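Report on the following structure.
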Amino acid sequence: WDMCTGQSVAEVKELTPEWYCNPSFLRNANSFKLGTSQDGELLGDVDLPPWAKGSPEIFVEVLRCALESEICTNMLPSWIDLIFGRKQQGPEALEANNVFFYLTYYGSCDVASIEDEDLRIATELQIAHFGQCPMQLFWRPHVLKLPRGATGRRLSLSEMLGVYELETLNKESNTNLQLPFQHAPISHWIHLLAPPPGPNAPIVAVRFGFPDRCMAVDAQGIFHFFIWTWKADTEATSNWQDSYDLFADNGYFEASEELQHFRSVPRLHYSPPKASDPRKPRKSRSAIAVISKCLFASRSFLVVSDGDGKGGLCFQLVDPSKCAVQGEVSVSSVHSDRITTIHMDPIGSAAGVGGVGGELAIVGSEDGTASLWRFIANPSCQLPLRPRLRVGGHRGCKIHAVAVNSSLNLCASISASRCCIFNISNGNMLQSFRHPSDGLSGLSGKEESGITCETRFVDSNAVCITSSGFIVLVCESKMRSTKSDFRRDIVTLQLFTLEGIHIGSKALESWRGIPNKISATYDGRAVLVCSGRGVSVHLVSAIKPLHFIDEWQIGDSDDDVVATHDIDFGPSQSRPVVACAGLSLGEIRLLALKGISEYSEHHKKGSVTEAVGSVIGTVRGTGSRVVGLVRGTGSRVVGLGKEIGREAISDVKSRGITGFLGDVLGKKIDP
């Protein structure tokens, strides 16, 4: 350490990326024989500083927070200039005292052309022992990262939650921190009720599409389409980019559900039998469907669902702008038993990493196996008819939940007693571990008091693999007493590393019930748990495992019926400006996040949102009122879109063609 920090000018060692993202290299998990030290101590795991508390995960997390701090972020461009940029060679390097021996520079010497054998060997030894500078990549000063208050820069959800600061991690509570969900004013959200008649089935999947569309699927397999817009108050919103005020956007939502003709209701290929209480359906009687994050065939979402209730799959292309199913493919006998769970994750350009865009899907079944599918979002949209991989590991036990993470090249399947992690390139099992036996902090197995505890993974698709290298699971512990009538069920969130090391747990309140879904932020620093009365946000951290940081409360304190089944962010997963939650009563709720005013104004011109206000007005009015808003006879006729056209057809049927044309042309026509 002393040599690298100043005592020796010849030491130019730098830390490898593993020091900031992969704590497993600090632990001798395979018990390799590494010998002994000079004092005879057996070598094994790496000795860490006292502040790491013996945990490689805490050590790496602190280094990662330091790397992503404001101080280091501002210094990184200068380091890039020295190593890869304009200060590597030439006058800029001389001025920056960044000059090394000439053999260390890339391309300065052609070793193969040296005829003198001794000189060639000496040159190779010089390069091998001291190393070489990398190839120069930049000739201009490297750009600086835009600060939080910069114009045109949207915040990520983790930045809104403040999970990057070590000071935030060390504090017991963030009472002075603005939270995007808990502190949101009432003007920043809108609640869309389900259309009559009721009761309505829960919304099990939601997805944003286009700048002003939202698509959903309910538990009975019916598609719902919503149109929304944010009306920004430009006069009251003086500074949209105030980095310290998450609620500087002034305005309000206008949204409604696009009601379809009942001649053909868009729905899944297969819908399960109806439950006795549609508000609380059993999982076996709820539609198993997931909506892709990227678009296929330019304008359609790919919906993967249970095909027949007997192990088949169905792929449907749904256009949210036309509110119709454009095509579908059914593949029978994919599994030998019923499909229980499906999860999808974008790949390539859809995930923001380049390459061919598309989606990865993993499908779990009651037969104890899971299949991995790959869908390419090309214009021809050719859908596969067979999976890429099949994985097992559960000895025929029913799979409760599955998850796939394309950035880590991993997928996971969970049964009642085991979690298996696989490599999606070849299907090899990397890890397999059970639920924690002491997940309730010593409450399990108290035989002397007559209390027994049985823990298992819950039968719910609530699992998440974060991009930061953790997996979040849900366990249910049933405590029973043999000496009394004492009974208690405790639901806990469990945090594991991808190596199967248990980091910590968090007990959930009883009124939340069993979570329906767990979603991670784009950077994997927090997870959002969809359960009773809303969505809770928990920190993914080895310092504070699953620490509660925020909550989107939707139901009342005495309302045990309302539950959240899914949540989505748009228009970008990395820097969202709006959130949508699907609820158990067939309703959805929209919430505005920081930057929505600027986004709405930017996408207002030339998009469908210009007509949203008028279209929404036709729901309670008539076609004549909308047409009257446009000046000029020609513009009135041209301004009628598809949404207004549907309303106009109903108007013609009720009033006749003469009454309709009279309103359009602004004249009175005698019959």
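As the structure is a computational prediction, the values presented were derived from the model and not from experiment.
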**Asked** Is it the case that more than 12 heavy atoms not belonging to R390 sit under 6.0 Å from its CZ atom?
**Response** yes
**Message:** Tell me whether the rings of H191 and W189 are parallel (<30°), tilted (30 to 60°) or perpendicular (>60°).
**Reply:** perpendicular
**Message:** For the CE atom of M344 and the CD1 atom of I291, what is their distance to the nearest 0.5 Å?
**Reply:** 10.0 Å
**Request:** Mind telling me whether F181 and W552 have parallel, tilted or perpendicular rings, with 30° and 60° as the class edges?
**Result:** parallel
**Request:** Starting from the C-alpha separation in whole Å, work towards a yes-or-no answer on side-chain hydrogen bond (donor to acceptor under 3.5 Å, both in side chains) for D308 and S332.
**Result:** CA-CA 8 Å; D308 52 13; S332 61; 5.8 Å; no
**Prompt:** Q316 side chain to R267 main-chain N or O, any donor-acceptor pair under 3.5 Å?
**Reply:** yes
**Prompt:** Got a donor-acceptor contact below 3.5 angstrom from the D233 side chain to the N250 backbone?
**Reply:** no
**Asked** Is any NZ, NE, NH1 or NH2 atom of the basic residue among E551 and R533 found under 4.0 Å from an Asp or Glu carboxylate oxygen of the other?
**Response** no
**Side-chain heavy-atom pair V204, S286 within 4.5 angstrom cut-off** = yes
**Prompt:** Under 4.5 Å between any side-chain heavy atoms of D319 and L317, yes or no?
**Reply:** no
**Message:** Less than 4.5 Å apart, side chain to side chain, heavy atoms only: is that true for H183 and H188?
**Reply:** no
**Request:** Using modelled atom types only, decide if a donor and an acceptor are shared between the side chain of E359 and the backbone of C294 within a distance under 3.5 Å.
**Result:** yes
**Prompt:** From F296 CZ over to L302 CG, what is the distance, rounded to the nearest 0.5 angstrom?
**Reply:** 5.0 Å
**Asked** If we only count heavy atoms from C-beta on, is the L313 to V304 side-chain gap below 4.5 Å?
**Response** yes
**Request:** Could you please spell out the steps behind the side-chain contact (heavy atoms from CB on, under 4.5 Å) verdict for Q553 and Q182?
**Result:** CA-CA 7 Å; Q553 187 173 357; Q182 187 173 348; over 6 Å; no
**Asked** Donor-acceptor pair, S406 side chain versus P346 backbone, under 3.5 Å?
**Response** yes
**Asked** Looking only at atom types and distance, does a side-chain atom of T341 sit under 3.5 Å from a main-chain N or O of G364, one as donor and one as acceptor?
**Response** no
**Message:** Test side-chain contact (heavy atoms from CB on, under 4.5 Å) on I227 and R213; report intermediate values, then the result.
**Reply:** CA-CA 5 Å; I227 187 169; R213 300 278 177 165; 4.1 Å; yes
**Asked** Any side-chain heavy atom of L383 sitting closer than 4.5 Å to one from V331?
**Response** no
**Asked** Counting distance only, does the side-chain N/O of D249 pair as donor-acceptor with the main-chain N or O of G595 below 3.5 Å?
**Response** yes
**Asked** Can C314 and L268 be said to form a side-chain contact (heavy atoms from CB on, under 4.5 Å), step by step?
**Response** CA-CA 8 Å; C314 182; L268 297 177; over 6 Å; no
**Asked** In Å and rounded to the nearest 0.5 Å, what is the OG1 to CZ distance from T564 to R589?
**Response** 9.0 Å
**Request:** List the atom of A232, the atom of E601, and the distance in Å for their closest heavy-atom pair.
**Result:** CB-OE2, 3.8 Å
**Asked** Between Q573 and D568, which heavy-atom pair has the shortest distance, and what is it?
**Response** NE2-OD1, 3.0 Å
**Request:** May I ask you to test the I588-L192 pair for a side-chain heavy-atom distance under 4.5 Å?
**Result:** yes
**Message:** So, taking the atom named CG in L155 and the one named CG in L593, what distance separates them when rounded to the nearest 0.5 Å?
**Reply:** 10.0 Å
**Prompt:** Do S156 side-chain atoms and R575 backbone N/O form a donor-acceptor pair below 3.5 Å?
**Reply:** no
**Asked** Are any non-hydrogen side-chain atoms of L372 and V404 less than 4.5 angstrom apart?
**Response** yes
**Prompt:** Would you find a donor on one side and an acceptor on the other, under 3.5 Å apart, between the side chain of R207 and the backbone of S292?
**Reply:** yes
**Message:** If the test is side-chain contact (heavy atoms from CB on, under 4.5 Å), which one of T521, D523, D550 qualifies with L157?
**Reply:** T521
**Request:** Quick one: do I347 and D345 satisfy side-chain contact (heavy atoms from CB on, under 4.5 Å)? Show the steps, please.
**Result:** CA-CA 7 Å; I347 58 176; D345 194 53; 5.7 Å; no
**Item:** Under-4.0 Å salt bridge between E598 and R154
**Value:** no
**Request:** Considering non-hydrogen atoms only, spot the tightest contact between V562 and S584 and give its length.
**Result:** CA-OG, 3.4 Å
**Message:** Ignoring hydrogens, what is the shortest heavy-atom contact between P384 and F375? Give both atom names and the distance.
**Reply:** CD-CD2, 3.4 Å
**Item:** Ring centres under 6.0 angstrom apart (Y522, F569)
**Value:** no
**Message:** For the backbone of G582 and the side chain of D566, can you confirm whether one donor and one acceptor N or O come within less than 3.5 Å of each other?
**Reply:** no
**Message:** Is there a side-chain contact between F223 and V303 in this structure, where contact means two heavy atoms from C-beta onward sitting under 4.5 Å apart?
**Reply:** yes
**Message:** Would you compute the distance between atom CD1 of I399 and atom NE2 of H335 and round it to the nearest 0.5 angstrom?
**Reply:** 7.5 Å
**Prompt:** Which atom names give the shortest non-hydrogen contact between G307 and Y270, and what distance separates them?
**Reply:** O-CB, 3.0 Å
**Message:** If you compare all heavy atoms of D218 against all heavy atoms of A201, which two are closest, and at what distance to 0.1 Å?
**Reply:** CB-O, 3.9 Å
**Interatomic spacing from CG in N461 to OG1 in T340 - rounded to 0.5 Å** = 8.0 Å
**Asked** Are H269 and S305 close enough, and set up right, to give a side-chain hydrogen bond (donor to acceptor under 3.5 Å, both in side chains), and what steps lead you there?
**Response** CA-CA 8 Å; H269 178 75; S305 62; over 6 Å; no
